[in-house]
Amino acid sequence: MITTTNLTKKYGDFTALNNLNLDIKPGEIYCLLGANGAGKSTTINLLLNFIQPTSGTALINNIDVTRQPLETKKYLAYIPENLMLYPSLTALENLDYFSGIAGKSLNKNTMESFLEEAGLQKEAFNKKIKAFSKGMRQKVGIAIALAKDAKLLLLDEPTSGLDPKAGNEFGMLLKNLKLKGVAILMATHDIFRAKEIATHIGIMKHGVLKHQFKANDLSLAELEKHYLETMNY
Amino acid sequence: MIRKTIIKELKEIFRDGRFKFSALLVIILIAVAIVIGSNQYKNTNKQYEISQNSERNVWENQGAKNPHSAAHFGTYVFKPKNALALLDQGVDKYEGISIFLEAHSRNEAQYSAAGDQTELSRFGELTSDFILLYVIPLLIIIIGYNSFTKEKEGGTYVLLKSQGISNLKLAIAKLIAVYIPVFIICSVLFLTAGIVLSSLSNYSAFSWDKLLSLYLTYLLYYLVFAQIVLLISTSTKRSGISLVSALSFWILSCFIAPKIAANMAEIKYPYPTKQEFITSLEEAKKGGLSGHNPWSKEAKKLEAKLLKEYNVRHVSELPFNFSGYIMQKGEEHEAEVYFKAYGKLKEQFSNQANTYKSIAFISPFLPTRFLSMGIAGTDYESHMSFAEAAEDYRIQTQKFLNDNNMNNSKYGERGYKADASFWKTLPKFNYTAPTLDVILKQQNTNMAVLVLWVFISGLLLFISTKKI
């Protein structure tokens with residue numbers, strides 16, 4: 001679903017991302033670990049074509065993201081760390097609009113079931129986003145991603161700001177989506193959650209992908225050790 | 001995508017307190033302007049009817065009198081109030097509303113509305129054209145200045161982009177959404193004006209096709225503003241900067257550009273002062289034929305020519321009264337002098353108007369201002385058309401009176417009087433405003449400039465969406 005070849009992004013002398021080669025297949029959850037500024041968000045922004053690569057290519061569903069940006073958007077859904085919605089519209093109206101942009105016209109019942117699946121309490125469906133907490137907005141964002149029925153999820157620290165229960169529910173949701181064959185790329189700081197849900201884990205530092213593991217090949221303790229070693233090195 | 005975006009934008013707009021407040025304000029202002037305007041219009045029309053009838057009565061009942069005395073006695077003609085002045089007062093306030101028609105002199109229109117008001121009127125009145133030309137563009141700015149910047153500031157733009165929105169479609173949808181409230185307000189205003197005007201009795205020169213062209217003119221004007229406001233919103237990062245830039249554009253195009261244009265026109269083609277104008281008229285008249293001076297060189301020349309033509313020795317042997325004849329010839333000469341002098345003024349005016357038109361491209365306000373006044377029949381050209389019709393009528397009246405003198409009295413006869421019933425036979429003055437196609441022909445460059453603004457601002461907007 002995602003293939004990057006020597007993907008590099010430079011800002012003047014500073015290299016934000018250096019020769020990244022990723023290959024994520026349907027049904028895989030790839031968790032990118034790393035400190036702030038390691039290049040995780042840069043990777044996701046490159047895949048979204050929000051920024052242009054200095055060199056290398058990124059393909060989504062074998063389509064070049066810089067050449068056909070609109071086409072690649074059809075297959076993906078994106079949840080940023082701090083998901084923002086239209087404050088004067090209700091949860092349902094926001095969901096309706098964002099799915100409409102993606103070309104989906106959903107009836108009210110379907111939309112409500114997506115919001116429910118995302119874990120938003122029923123009373124909030126018709127409330128304006130103004131009054132929502134970050135966690136509630138994040139849930140509407142998840143509903144938007146679910147409604148899009150995407151083949152690929154790009155998640156940039158999606159669980160930061162969610163309470164542990166909501167974080168857990170979110171993890172379960174991702175596992176379900178994995179079973180449906182959705183490919184997921186998630187940038188996160190949460191080693192425990194990563195170990196729990198990921199099929200593959202990568203550790204990044206200074207724009208370089210230092211290590212890649214299959215999640216089943218090592219224990220949480222080993223993962224933590226590797227992570228800390230990479231960071232201290 | 002476009003439809004969903006329009007619905008979403010409209011929801012946001014109508015839930016916005018600023019919009020609710022300003023739209024309400026605009027609607028109240030419009031209602032007040034229309035009520036005041038239509039009352040004023042009714043009053044003016046009534047006064048017009050009364051004055052016209054009583055003036056005709058005075059003329060018809062002046063009794064048995066020498067026709068040339070009647071010519072000096074004179075009569076007034078009155079300018080009918082144009083129906084669409086309800087929507088655009090133009091320069092009406094500063095133009096006289098009646099012209100005194102008499103022998104030998106072409107008089108200026110007198111009694112302008114501004115002349116009857118205090119200095120406070122200098123500060124402007126609440127008129128529909130003020131709302132149409134200044135306030136509604138401001139409303140467009142309030143609706144649209146943050147149309148794009150709010151997406152960037154609110155962080156919704158990343159989500160929109162990740163959902164695969166096309167910037168072009170987004171811009172089209174936002175343009176339509178910004179335009180819809182303005183379109184509704186403008187349509188309601190014009191429809192109300194149309195209903196009010198067509199229900200008034202004795203409305204003069206009200207035609208739906210003029211109203212429709214005025215309506216279309218304003219719709220284009222608002223489209224230009226909507227496109228420019230969105231263009232600014234796509235090109236700026238913050239709503240505050242977008243608002244200030246849009247307001248600067250509004251001030252530049254609606255307040256500063258007209259003044260620059262007026263100054264440029266006046267510097268390039270100065271109008272003569274009233275004194276200069278009158279002096280030059282006197283000069284031109286002096287050397288020529290005068291009906292009251294049969295001993296002048298010009299009069300003698302004419303006499304000799306006439307004697308030769310009719311093969312008589314003395315003017316008393318002519319088949320008509322020479323006094324009447326020379327009076328008419330003098331009148332014709334004077335009319336010619338006036339025609340030339342006013343022709344020069346008119347030329348200067350059209351030079352100024354052309355200067356204006358040639359710089360109309362610096363602001364969408366200028367072509368709209370002129371088109372609007374022109375169609376409403378309240379610009380200076382409309383006033384000139386009335387003044388010229390009055391002058392034609394004056395010339396015809398003089399000929400009518402002189403002919404009576406010439407054919408019914410003898411040379412040297414003192415005390416000839418036309419019958420008291422004679423005055424009734426003078427045709428009434430009847431002025432009809434120019435039709436729409438005549439006006440549109442005069443205004444073709446303004447129309448072209450306005451349409452150009454629509455295309456260029458639209459093009460720039462759609463180019464700017466490529467790099468939001």
Side-chain angles (χ1 to χ4, degrees), chain A residues 41 44-45 47-52 60 63 65 68-90 92-106 128-130 134 137-138 140-145 147-148 150 152-156, chain B residues 1-23 142-174 176-178 181 233-234 237-239 462 465-468:
Chain A
S41 294
I44 289 178
N45 285 336
L47 287 168
L48 285 162
N49 195 41
F50 288 178
I51 52 177
Q52 275 72 45
I60 286 176
I63 304 164
V65 297
Q68 288 171 277
L70 284 184
E71 183 65 23
T72 55
K73 299 292 191 311
K74 284 182 187 166
Y75 306 102
L76 65 85
Y78 168 58
I79 300 179
E81 180 186 356
N82 190 5
L83 187 124
M84 298 304 287
L85 299 162
Y86 296 104
S88 63
L89 303 187
T90 67
L92 274 170
E93 285 169 338
N94 267 292
L95 175 57
D96 181 37
Y97 178 54
F98 282 107
S99 343
I101 295 298
K104 296 255 186 314
S105 199
L106 308 170
K128 288 182 186 165
I129 297 294
K130 263 194 270 233
K134 185 182 169 190
R137 284 204 310 271
Q138 215 69 6
V140 179
I142 294 165
I144 291 170
K148 196 174 179 182
L152 167 66
L153 282 185
L154 295 173
L155 311 172
D156 198 349
Chain B
M1 193 186 280
I2 291 181
R3 197 180 58 89
K4 288 253 179 193
T5 306
I6 294 171
I7 294 170
K8 169 242 154 191
E9 289 287 329
L10 287 177
K11 273 184 190 161
E12 281 191 289
I13 291 170
F14 284 108
R15 284 174 194 177
D16 182 11
R18 278 166 305 186
F19 170 75
K20 282 184 207 159
F21 177 74
S22 42
I142 291 169
I143 297 173
Y145 77 95
N146 64 355
S147 190
F148 281 92
T149 49
K150 74 182 174 201
E151 306 270 8
K152 292 181 231 171
E153 287 171 332
T156 44
Y157 189 56
V158 282
L159 206 56
L160 276 183
K161 259 169 71 175
S162 76
Q163 290 291 85
I165 195 154
S166 113
N167 282 342
L168 185 67
K169 284 182 183 172
L170 185 66
I172 292 173
K174 279 181 181 287
I176 295 172
V178 168
S233 192
T234 57
K237 288 209 168 66
R238 309 217 66 88
S239 294
F462 295 128
T465 59
K466 287 206 170 143
K467 35 180 185 182
I468 299 171

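Labels below follow one simple rule: chain letters A, B, ... track the order of the sequence lines, proteins then strands, and each chain is numbered from 1. For clarity, every value in this text was computed on a predicted model and none was experimentally measured.
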Contacting moiety of A/Ile101, where chain B heavy atoms sit under 4.5 Å: both
Qualifying residue for side-chain contact (heavy atoms from CB on, under 4.5 Å) with A/Tyr86, from B/Lys11, B/Glu12, B/Glu9: B/Glu12
Side-chain heavy atoms of B/Asp16 within contact of A/Ser88, under 4.5 Å: no
NZ/A/Lys134: more than 12 non-hydrogen atoms of other groups inside 6.0 Å: yes
Reported CG-to-CD distance for the pair A/Leu70 and B/Gln163, which is rounded to 0.5 angstrom: 12.5 Å
Stepwise salt bridge (Lys or Arg N to Asp or Glu O under 4.0 Å) test for A/Asp96 and B/Lys4: CA-CA 8 Å; A/Asp96 181 37; B/Lys4 288 253 179 193; 2.6 Å; yes
Region of B/Leu160 in contact with chain A, defined by heavy-atom distances below 4.5 Å: both
Under 4.5 Å from a heavy atom of chain B, the part of A/Lys148 involved: side chain
Closest heavy-atom pair and its distance - A/Phe50, B/Ser162: CZ-N, 4.1 Å
B/Phe21 atom CZ, over 12 foreign heavy atoms within 6.0 Å: no
Portion of A/Thr72 that has a non-hydrogen atom of chain B nearer than 4.5 angstrom: neither
Contact origin within A/Leu83 toward chain B - heavy atom pairs under 4.5 Å: side chain
Most chain A-contacting option - heavy-atom pairs closer than 4.5 Å, from B/Glu151, B/Arg15, B/Met1: B/Arg15
Chi angles and distances behind the side-chain contact (heavy atoms from CB on, under 4.5 Å) call for B/Leu159, A/Leu85: CA-CA 8 Å; B/Leu159 206 56; A/Leu85 299 162; 3.9 Å; yes
Separation between OG1 of B/Thr156 and CD1 of A/Ile129, rounded to the nearest 0.5 Å: 11.5 Å
